[in-house]
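Step one of this worksheet: look at the structure below.
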There are 2 protein chains.
Amino acid sequence: MKEFDLRFEPEGKKLVADSGSNILDSAKAGGVGIRSECGGKGKCGKCRIIVENQRNLNEVTDTEREHLTPKEINQGYRLACMATIRGNLVVFIPSESRLSVRRIQIQGMEQPVKLEPNVRKINLVLDKPTIQNPIADDLNILTNLEKLYNLEDLEFEYELLRILPDVLREGDWNLTVTTLGDRRVIDLEPFDTTKRIFGFAIDIGTSKLVGYLVDLNSGGVVGVGSIENPQIAYGEDILSRISYAEETLENKQRLQNLVTEGINEIIRMACKDSGVDPREIYELTVVGNTAMFSLFLGIQTKYLHLAPYVPGVKGPAIVKAKELNINANTRASVHVLPNIAGYVGADAVGDVLATAIYERDEMCLLVDVGTNGEVFVGNKEDIVSCSCAAGPAFEGVHIQHGMKAVTGAIERIKIEPKSFNVEYETIDGTKPVGICGSGIIDAVAEMFKCGIISERGKFNNIDHSRIVKTEGRPEFVIAWKEETEAGKNITVSMKDIEEIQLAKAAIHTGCTVLMDKKGVTEEGIDRVFIAGAFGNYINPESAKFLGLIPDIPTEKISFVGNTALAGAKMALVSKDVRKTAQRLARWIRYVELMAEPGFQREFINSTMIPYRRLDQYPSIKKYLEENR
Amino acid sequence: MKEFDLRFEPEGKKLVADSGSNILDSAKAGGVGIRSECGGKGKCGKCRIIVENQRNLNEVTDTEREHLTPKEINQGYRLACMATIRGNLVVFIPSESRLSVRRIQIQGMEQPVKLEPNVRKINLVLDKPTIQNPIADDLNILTNLEKLYNLEDLEFEYELLRILPDVLREGDWNLTVTTLGDRRVIDLEPFDTTKRIFGFAIDIGTSKLVGYLVDLNSGGVVGVGSIENPQIAYGEDILSRISYAEETLENKQRLQNLVTEGINEIIRMACKDSGVDPREIYELTVVGNTAMFSLFLGIQTKYLHLAPYVPGVKGPAIVKAKELNINANTRASVHVLPNIAGYVGADAVGDVLATAIYERDEMCLLVDVGTNGEVFVGNKEDIVSCSCAAGPAFEGVHIQHGMKAVTGAIERIKIEPKSFNVEYETIDGTKPVGICGSGIIDAVAEMFKCGIISERGKFNNIDHSRIVKTEGRPEFVIAWKEETEAGKNITVSMKDIEEIQLAKAAIHTGCTVLMDKKGVTEEGIDRVFIAGAFGNYINPESAKFLGLIPDIPTEKISFVGNTALAGAKMALVSKDVRKTAQRLARWIRYVELMAEPGFQREFINSTMIPYRRLDQYPSIKKYLEENR
């Protein structure tokens, strides 16, 4: 019987399945959770999945047509229990069909800002017109706003003009006016509704969408939503997604719809939790990398991956939520924060806002670790930035037993020197299923620390029961099959180590090239901020042993979490922060790594653990001298 | 055989037709021109008419379904040759089906203004991005606009963001940017298109739509369009139209669509004549009375005719042309000028702008004669205004042989004292068909001047061949049947005179009540401006003999034509004029005539010819003393 490779997204879990078996059974057998209440009989319709390449599946069955709309079928939706495997597949499990929920970093460091949102609600109690003073309804509103709030030259949205006279009379001349940017009136409601005004801040990550529902009266977060970016079914990295988008206009539209629907999903989640009606959301702020920005807005991406790698639109972009089909107030506005460069996006602006490195005297190194990493070096005088194509290895992708940070992922690993005994922790304390990013970083760092692998990432010639060979290549056993969920050894292979070396070299090169550009050494760096979805879970010692970041004392290092989203939230509650964002997007210098003369050599040096010249890692050098 | 009454709009011509005859034949028999190239065989489809009350017609025939779309049928379109008369009918002949074209006053007095339109086109030749300077496409545009034109904080329309990178490359970095209000970018075109930027100024009159196509580079009018207001099929006066609109939402929508389609028609006319593409129109300004304003924008009109007669929306209203389905550039903006009060609209603001009475030292009386007349008294210190419901008598409606100012209308009448010989002039010098407004004013004034009628409008007891009796009531023959197109006498009846007395009394009362309010007498008025669609054709002496306007020396009187449209055009080419308009709409005082204590008495006094107290008309008194 023929076997095919399956990869399940967003977890990134890989399985081998028999030809002719169905996806639901194969997933269950491999420990991948898909909802199914009828047990795979095609009755409950809960095991919805998305498969891009339908040629490697059977035709859509009549049973599926009962549970799925034609639009969904067109989007690649299937029922896992009815989908027969006929080839290699990438299967995306949408959140509603998922059993375990991935741990997404939501909170991030953030700066206090003065509460001054771009939308505001004002309650007015108007004098009724009389025959002596037959004041027009709109003027009645406007003169009160002028007199009491000093708001001039406001324009009403057209739809509101049509209902204005009735709204006034419905509330017996007591009404609430919602203004946008002190320029436009975007809502009119009878009576006093000033207590109900919300905003939504969104981080469109390559891998995930995260959002805060914010009460604009207090600035506080009242709800949170997060799901994987549904675009992932069409490519896990940026390049494959924008290539897909450029094939046809429909593809571009499909990717735009997917992210929009994803945003609507997180809005629903956050609103449901907090009893807010999406119509009470009057403004949204969005950050994302430049490619996500472009795909979200349906902007031409062709020139983004052709030299000189120019973003078509830097932004900020201000668009009506309605034009983007976003489920908020029908006249809500979406403020998409500006990008810095083709591969340093608005999410990076968010990082800078939230860490405030642009206001600091201290020399800072800011690293956002993600599929697309960004690095900044500087302070209030000057900041340089670059992007590093780290790829998804830190998200568990392309790692043999890699997985995302969900239940069952090994997230902490400690290897005892000499005995090579392994201690590990899993998310939610369950039996291990695989290893997530922070676990992989720990694993490789610890293997180097204990001398299991060399500075080149090769296995040293050691005879130990934990060093097993598969097809003649060595692997290190982290968890024995008896301990694991699937009953198979969880190991770290040569190839896994190579993937990690490439990923960490990308980040490391970004750091050192920029430090070089600024003329600062490790001693010159006063603060290190490590941001990113899983930043909080990285062990800083492991990061330094691996050579992910330069050798800077641990007390100078702060893990700041999802600062991209924190920056979006700051911009949501403060008009002033938006101005700063716009200024930063122009002011921060961008360094195109490819164009730097020393880049290639530095990259190769950085693939070594921790680095070719150990003198640059004195703390590691000292440890090795003392312990080996 | 039964007979039914037909009224043909917009000419206002009335006919009696046999039951069972078709509309085309009846129209032809009565001298009403409807196009027909096949001679009434249902082949050419040119005799399109609109009939509101379809119950008084046969069912729509299959032949008609071949020539008309379902939407048109729903709107009441029929083919005149296929429509069989079964009851009284009002038949609207759209301009495309009309043989004679009504004379519409288009030009008006206007003040010179500095050319400073709200939309502008700017040609930019950008530096191409390089790997050293990978500037984003939008920033490349914005920084040039900042540096060269001092334009900051511009926002792009969302649709433009999507095409921006391609437009730049299509023109090889040479492009033209169109901005609106120095705030928004509303168009991007490759290459230099700055020579092609147009605007359109519209006057939505109760009876007619008139528009100027304006080259915004020169401020000059390059095309003109005018048709009757198609809403007329649903009521000739404002009140009947707004009552109709309030019956159902569909009615309101229908009236809005009719005026929009009418506007599109005049845009087409003006563009066709001048070789301009409607997509080259980037902004439109609109004036109209408050009811037309509301019906055009679909605003609730209910409160307009209930005390205290409040306009729901005073304006200005700024709406995208697309939202109103207006055929201009897809991102063009429509600026609807503000109203003064419930019955003194933006058209009256246009009158004030174009005559500049708000800037004058001289005390001015400004009268806009129309179905809805407006009167202003004042100067730069203070202006009071009122509206006068003159009704459509001056447009020939409700006058036995009345008609609008089209080919064949008697527009000038002179009656020789004693002999009562009549001299008349017709429009285009053809055989007379009826009498239009200026002719009726002449007729009544001359009849009074010659003593045929008394100051009360009653026929004096005179025996003359031109004074004939119909059903015992006297009529004065203006044209003998041998001279006329229809072979019937054209006469002025008692009832016609009564209609004119009521209409002129409305205007006159407006003038005198406001003069009284301002404490000025006839001697205190330095300038009189008479505006309106047919203002140029009124004989000022006749207007005074009739008592339409107060007795002010003729040399102080200027006929200024369509100043409403002239004002709209001034606002189209100058942002500054718009600000003035907004200021005027708030500053000009409104006098509700109904609420004035002396109104009723003054109205009754004003129905007399020229007025109850002849001492107030010394020039007329002198003439009568010398000549009678």
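Each chain gets a letter, A, B and so on, in the order the sequences are listed, and its residues count up from 1. Only this structure's heavy atoms are used, side chains among them; waters, hydrogens and symmetry mates stay out.
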With only heavy atoms counted, which part of B/Leu164 is less than 4.5 Å from chain A, the side chain, the backbone, both or neither? side chain
Between A/Arg183 and chain B, with a heavy-atom cut-off of 4.5 Å, which part of the residue counts as in contact: side chain, backbone, both or neither? side chain
Taking NZ, NE, NH1 and NH2 as the nitrogens, is one of them in B/Lys322 or B/Glu159 under 4.0 Å from a carboxylate oxygen of the other? yes
Under a 4.5 Å heavy-atom cut-off, does chain B meet the side chain of A/Thr143, its backbone, both or neither? side chain
Using non-hydrogen atoms only, which part of A/Gln300 is less than 4.5 Å away from chain B: side chain, backbone, both, or neither? both
Side chains of residues 302-309 of chain B: which donor-acceptor partners sit under 3.5 Å, not counting sequence neighbours?
from: B/Tyr303; atom 1: OH; to: A/Asp166; atom 2: OD1; distance (Å): 2.6
from: B/His305; atom 1: NE2; to: B/Glu246; atom 2: OE1; distance (Å): 2.9
from: B/His305; atom 1: NE2; to: B/Glu246; atom 2: OE2; distance (Å): 3.2

In terms of heavy-atom proximity below 4.5 Å to chain A, should B/Glu155 be classed as side chain, backbone, both, or neither? side chain
Side chain, backbone, both or neither of B/Leu324 within contact of chain A (heavy atoms, under 4.5 Å): side chain
Side chain, backbone, both or neither: which part of A/Ala595 has an atom under 4.5 Å from a heavy atom of chain B? side chain
So, for B/Leu255 and B/Arg241, which heavy atoms are closest and what is the spacing to 0.1 Å? CD1-O, 3.5 Å
Is it the case that the side chain of B/Ser387 and the backbone of B/Asn372 share a donor-acceptor pair, with hydrogens and angles ignored and the cut-off at 3.5 Å? no
Can you tell me which of B/Gly298, B/Ser294, B/Ala585 forms the most heavy-atom pairs within a distance under 4.5 Å of chain A? B/Gly298
